[in-house]
Amino acid sequence: MSTVNKTPDGVSRRGVLKGGTSAFAGLLISAWLPPLVPRSAAADAVAAGRGAADAGGGFGAFVRVGHDGHVTVISPKIEMGQGVQTGIAMMVAEELEVGMDQVSIEEAPPSALYIDSLLQFQATGGSSSTRFTWEPLRKAGASARTVLIQAAAIRWNVAPSQCHAERGVVFGPAGQTADYGSLVDAAAALPLPTEVALKRIEDFKLLGKPTPRLDTPDKVNGKARFTIDLQIPGMLVASSLTCPVYGGTLRSVDEGAARQVPGVRDVIKLANAVAVTASNFWACQQGLKALRIEWDLGEHATGDSLQLDKALLAASSGDGVVAKHEGDIAAALGNAKSQFEAVYEQPFLSHSPLEPMTCVAHVRSDACELWVGTQAPMFAQAGAAKISGLKAEQVIIHNQLIGGAFGRRLESDFIFQAVDIARQVDYPIKLIWSREEDMTHDRYRPHYVDRLNAALDDTLRPVGWDHRIAGASVIAQFIGKLPDNGIDADAVETSIEPIYALKHLQVRYVREEPKVIPVSWWRGVGPLRATYALESFIDELAHNANADPVAYRMDLLQAQPRAQAVLKLAAEKVGWDQPLLVGTGRGVSVANVFGSYIATVVELQMHGERGLRINRLVSVIDCGFVTNPTSVHSQIEGGTLFGLSAALFNEVLIEKGQVMQNNFHQYRQIRMSDAPPVEVHVINSLETPGGVGETGAVPIAAALVNALHAASHARVRRLPLSRSGYFTVQGAMA
């Protein structure tokens with residue numbers, strides 16, 4: 001059985017970087033390759049602001065082969081439910097000629113060796129995992145296979161071309177055999193090849209085949225351990241209350257009653273929070289409730305959603321900074337036969353993963369040791385070093401399986417709080433945020449306003465449009481400043497490269513910070529934000545022209561054959577041309593997301609004026625070569641329902657500077673009774689793999705509101721639908 005998080009022979013992760021091959025008494029392969037994928041503008045901005053690009057070049061794709069023949073892949077990407085580590089193991093196993101049962105995965109430590117050249121820092125996100133590792137990890141596996149075969153050929157005094165490998169065994173021309181374990185010492189002494197030939201796709205034995213995920217068995221039987229499950233010798237549990245208003249501070253606390261709670265050990269004061277350590281989580285929560293806290297709420301205590309919405313709408317009419325300019329949109333609008341304008345609004349969103357923010361921390365005089373699931377370990381390490389007063393190399397991070405993240409664990413605020421608590425006690429602590437703390441102290445997806453004005457020709461097709469995007473800058477929040485050009489590349493992504501043919505295009509970014517709450521990336525990031533506005537707008541243009549929404553799109557996608565292909569197949573699978581009952585409608589959305597093309601169709605039925613039931617949900621994806629069909633189907637299903645929850649129900653509201661939604665009764669997630677089966681169809685392709693982890697979430701909101709319009713003639717331009725009084729009717733699964 002393949003395993004995850006296995007460290008053979010007791011070798012530590014840090015030993016990987018310090019000991020070389022001798023540390024393992026086996027074969028260690030490191031593939032150093034130039035960047036394979038152009039980095040995005042957002043990645044450029046992050047790299048420039050945080051210095052990640054200067055930390056080291058290339059990519060360390062380490063593959064270890066032990067004396068027992070077992071293969072360990074040190075994964076630069078963390079497993080947080082997306083199945084990426086199974087895909088990574090498949091890449092190595094394919095080229096190394098071993099079975100999946102002969103492979104284990106170990107998470108990489110914080111190191112410049114593992115910088116993702118697409119993201120420009122060591123991170124899991126942006127649907128970059130498969131796109132980036134596709135060639136480096138296959139080459140690492142092929143390099144290991146090459147030197148192992150060479151070692152066998154030397155032993156048998158034959159040419160390497162006369163030998164071949166299968167399932168971890170090298171076979172010679174005269175029937176000789178040698179398992180990999182017996183060859184690793186000899187292979188480790190050989191120079192690594194500078195060039196290796198990769199398999200042709202038609203020769204793949206593993207890649208492209210449905211493959212069970214490596215992490216599933218232990219997650220089903222309960223053996224998998226997330227940070228929230230960990231037990232470290234001498235550890236106590238910690239929990240905290242942070243000032244309910246962002247930017248506020250702790251003024252005073254009466255801790256007397258808390259110290260009387262059985263199990264409570266210490267009360268720790270922080271600049272903007274109070275923490276309690278205790279023998280268990282329940283005692284922590286009771287201790288926190290017993291505290292009498294006085295906060296200095298600060299300057300944001302009067303902020304509310306109404307003020308923020310007004311400010312953002314006003315900003316959306318401003319000039320901002322030009323992010324893209326092609327043709328002459330002013331002349332096009334002036335000469336147009338007609339114009340069409342619309343304004344779309346999207347709310348603040350919480351990540352709210354199933355596993356709340358958790359971190360185990362032990363700060364000693366010589367080291368700070370952390371057990372935590374993080375999407376960005378180098379950033380976590382650097383911040384922890386600063387708080388603990390130690391050097392970065394003294395901060396040891398044991399990266400853990402993550403119980404959902406959706407971008408939340410790109411941030412390290414909860415890790416820094418754990419370190420701040422742990423440095424004040426002489427024992428390790430496991431910080432666990434309550435659900436209420438997690439939801440009200442998130443790093444939220446910004447609210448946005450998109451204002452579009454299209455110039456239309458005689459056939460009411462757009463020849464161009466002016467697009468203004470108003471919202472906070474996630475990049476500035478992440479790196480401390482906007483890039484010198486004043487543009488948040490994430491906010492304008494997709495909008496500056498729409499899939500539709502336009503002779504004239506102007507996109508402007510208007511920065512408007514909420515200040516009352518912090519913002520961050522949320523699953524789907526720029527493409528999700530943009531696709532809702534663009535696909536709602538193109539649908540409105542189609543109806544304005546009395547045109548079929550699919551045919552209207554197809555006409556504008558002549559230069560996008562892959563987009564046309566997914567759209568055409570989605571329409572066929574849902575029976576787009578088939579008549580519907582009164583009160584039933586279909587809506588469509590199509591997008592290019594991180595190198596993949598996806599089209600989603602929603603079919604819904606109205607029940608009264610506001611009740612709706614989703615009868616069908618069909619998605620078609622072309623994600624290039626499909627490394628593991630099982631994972632692709634799962635990710636599109638999960639991502640689609642994730643995005644559907646947000647479109648139907650989710651928004652974060654502010655009153656008196658405080659987040660009002662504090663648990664799932666106020667921040668509803670989609671239920672089985674609300675959700676239809678997600679019908680996923682994959683177009684086989686030989687293109688380089690594209691992103692999948694965020695792709696499903698991107699088109700669903702627009703497809704939903706477009707279907708609502710088709711069924712009821714009501715056009716909703718502000719999400720979520722529940723804000724306009726719409727509700728789901730149970731029985732959608734029937």
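Quick caveat: nothing in here was measured; it's all calculated off a predicted structure.
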Is a donor on one side and an acceptor on the other found under 3.5 Å between the side chain of Glu493 and the backbone of Val525?
no
Ala152: partners by side chain to side chain contact (heavy atoms under 4.5 Å, CB included), with sequence neighbours left out
Trp156, Val170, Leu183
Is the side chain of Gln102 donor-acceptor paired with the backbone N or O of Val71 at a distance under 3.5 Å, no angle test?
no
Measure from the side-chain N and O atoms of Arg409 to the backbone N and O of Gly373, and report whether any donor-acceptor pair falls under 3.5 Å.
yes
Can you measure from NZ (Lys139) to OG1 (Thr133) and round to the nearest 0.5 angstrom?
13.5 Å
Ion pair Asp215/Lys223, N-O distance below 4.0 Å:
no
Could you go through the side chain to side chain contact (heavy atoms under 4.5 Å, CB included) check for Cys623 and Val632 one step at a time?
CA-CA 9 Å; Cys623 57; Val632 171; 4.2 Å; yes
So, for Asp490 and Ile475, which heavy atoms are closest and what is the spacing to 0.1 Å?
N-CD1, 3.9 Å
Looking at the rings of Phe642 and Trp522, which for Trp means the six-membered one, are their centres under 6.0 Å apart?
yes
Yes or no on side chain to side chain donor-acceptor pair (under 3.5 Å) for Glu107 and Ser75, after CA distance, side-chain angles and deciding distance?
CA-CA 5 Å; Glu107 284 78 23; Ser75 172; over 6 Å; no
Any donor and acceptor pair, going by atom type alone, linking the side chain of Tyr444 with main-chain N or O of Asp442 inside 3.5 Å?
yes
Sorted by chain and number, sequence neighbours left out, salt bridge (Lys or Arg N to Asp or Glu O under 4.0 Å) with Arg145 holds for Glu95
Closest approach of Ser352 to Asp438 (non-hydrogen atoms, all atoms of both residues)
CA-OD1, 4.1 Å
For the side-chain hydrogen bond (donor to acceptor under 3.5 Å, both in side chains) test, which of Arg200, Lys205, Lys199 pairs with Asp203?
Arg200
Report the C-alpha distance between Arg213 and Asp218 in whole Å, list the side-chain angles of each, state the deciding distance to 0.1 Å, and finish with yes or no for salt bridge (Lys or Arg N to Asp or Glu O under 4.0 Å).
CA-CA 10 Å; Arg213 281 174 45 170; Asp218 283 352; over 6 Å; no
For Ile429 and Val237, run side chain to side chain contact (heavy atoms under 4.5 Å, CB included): C-alpha distance rounded to whole Å, both residues' side-chain angles, the deciding distance at 0.1 Å, then the answer.
CA-CA 5 Å; Ile429 61 101; Val237 175; over 6 Å; no
Measure from the side-chain N and O atoms of Ser182 to the backbone N and O of Asp179, and report whether any donor-acceptor pair falls under 3.5 Å.
yes
Given Ser495 and Arg529, is the side chain to side chain donor-acceptor pair (under 3.5 Å) satisfied, shown in steps?
CA-CA 9 Å; Ser495 300; Arg529 191 216 65 72; 3.1 Å; yes
Counting distance only, does the side-chain N/O of Ser128 pair as donor-acceptor with the main-chain N or O of Gly126 below 3.5 Å?
no
Does Arg138 make a cation-pi contact with Trp134 (under 6.0 Å, within 45 degrees of the axis)?
yes
NZ (Lys386) with more than 12 external heavy atoms under 6.0 Å
no
Kindly say whether Gln82 contributes a backbone atom to a donor-acceptor pair with the side chain of Glu79 at under 3.5 angstrom?
yes
Would you say the ring centers of Phe204 and Phe625 fall short of 6.0 Å from each other?
yes
Sub-3.5 Å donor-acceptor pair from the side chain of Asp229 to the main-chain atoms of Phe226, do we have one?
yes
Return yes if some donor-acceptor pair links the side-chain N/O of Lys430 with the main-chain N/O of Ala361 below 3.5 Å, else return no.
no
Side-chain donor/acceptor of Gln381 to backbone N/O of Ile397, under 3.5 Å
no
Here's a test for you: under side-chain hydrogen bond (donor to acceptor under 3.5 Å, both in side chains), which of Asp116, Thr124, Thr130 qualifies with Lys77?
Asp116
Check for me whether the distance between the ring centres of Phe478 and Phe379 falls short of 6.0 Å.
yes
